[in-house]
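Heads up: the structure comes next, in structure tokens.
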Number of protein chains: 2
Amino acid sequence: MTHVKAPTTQEVVLRHLRADILTGVLPPGQQIIQESLASRYGVSRAPLREAMRVLEGEGQIIHLPHRGYFVAELDLVNMREVYRLREILESEAIRAAIPNLTDADIQAIAAMADEVGSAAASGELLAIALANRRFHFMIFEASQMPRLIRILTQLWDATDVYRSVYFSAHGSLQIIAHEHAGILDALRARDVPQAIGWQDTHRDHALISIAHQLDTLRRPVVTDR
Amino acid sequence: MTHVKAPTTQEVVLRHLRADILTGVLPPGQQIIQESLASRYGVSRAPLREAMRVLEGEGQIIHLPHRGYFVAELDLVNMREVYRLREILESEAIRAAIPNLTDADIQAIAAMADEVGSAAASGELLAIALANRRFHFMIFEASQMPRLIRILTQLWDATDVYRSVYFSAHGSLQIIAHEHAGILDALRARDVPQAIGWQDTHRDHALISIAHQLDTLRRPVVTDR
DNA sequence: AAATAGCAGATTGGATCCAAAAAGTCGCGG
DNA sequence: CCGCGACTTTTTGGATCCAATCTGCTATTT
């Protein structure tokens, strides 16, 4: 039998960090003071630093030698690059996935789409984000391309903070449901171009909303000191 | 002028690790005993572990909790995935780069192609690999897409070990020189499809050679379990 | 004799401690 | 009044030390 679990501290810290970045506890641009954060998590600096190295590799935080770690800020240019790369890579993922999709797979994906719907009904942003992510990645994972999936994971992670605002935008949930249904139909028909097309419009809607937010909101990142 | 430099130990270790993996001092599949490697580098385990976390993020080594770090092995399937992703992403890089290329850029790239040639004449494999990499990445960098460049860097890193054998294959250096010239011509003409085409055949030649090596050589990798 | 429990060694994970570098502060001189 | 420079403080980087876990072997039991 396999072990129940052995959650190493680094992974606990890593999850905690991701959550804090995602929820804005650690806002973009802010420096991460290792000592204070470590004590806040109730751990030492060693596992924290290794976790931060992981996030740095994903581009979530920036490291300046002898200066420290800072939560990455994404400007619009950067954001557009991420979305362009997603466009290219997600198209490939869908292209590779569709021939592998069994009927059972599609049923599972449809079930996840329903979960997105019920999460949307509940209004819990985090639940929506999680279910939405699962929905899309169930498709990507059928591509059987682990490296591609990992890169996509990183790209999604990088924009998680900004994407969550999209879910709270007016009317976005109906649009999302509609587009998810479109993707599902294309999957059932094994229609690669149509699936990619739906995914593209789906992504574009999110980007437009986010770009609008970034452009107008112009968050005034205060340095608390 | 900026500071001379302040090379932090982690980066020294990281470079050392990359070199050792590239040159086969640390062969694929082998476990990395932290204590012994750290003492061999003359450092403590702390910076070594942070460096390994970086390499793990790049897929160069694998981490199993409470078991250790192991140098990653790439089978042919994995290798094909890397090359497929390179095909997609390098096409995008070239597409984005060409409109940005100044004449000075192209001259610099041509100079680097010459360096590949002279390195080839000298027969130094490492020098060839380095110059070749610089040549291609000078083009990619003109894309002005930092995230794309970083992903491409990781993909190149992942296959560095295997690609170096290609340089020593019979006749490959002439082919490389020919294809580099082709790429340069396409760049001068600002011909995107042609540049991508050359890059594709260039990459395919390397992949065929590497796949052949992997297939026949059938290295007797001991099963670590 | 085979299987399993448990003991000993090795190896990783985490915490504390010390050194080095950067940022901020105060004071002196122009 | 302002700029420059040494000193202090804060924070990061690295090393050492201790605890938790895994591996391999041995002995005991059936």
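Letters A, B, ... mirror the listed sequences (proteins, then strands); counts begin at 1.
Atom pair Leu37(A):CG and dA15(C):C1' shows a separation of 16 Å (rounding to whole Å applied).
No side-chain donor-acceptor contact under 3.5 Å links Glu58(B) and Gln154(B). Between the side chains of Arg53(B) and Gln10(A), a donor-acceptor pair is found at a separation under 3.5 Å.
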Could you write nucleotides 8-14 of chain C as a row of B, S and -, 5' to 3', where a protein heavy atom under 4.0 Å of any base atom gives B, of only sugar-phosphate atoms gives S, and otherwise -? ----BBB
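The backbone N or O of Thr102(A) lies less than 3.5 Å from a partner atom in the side chain of Asp105(A), making a donor-acceptor pair.
Note on ring orientation: taking the six-membered ring where Trp is involved, the planes of Tyr69(B) and His63(B) are tilted (angle from 30° to 60°).
The existence of a salt bridge linking Asp157(B) and Arg133(B) is confirmed by a sub-4.0 Å separation between a basic side-chain nitrogen and an acidic carboxylate oxygen.
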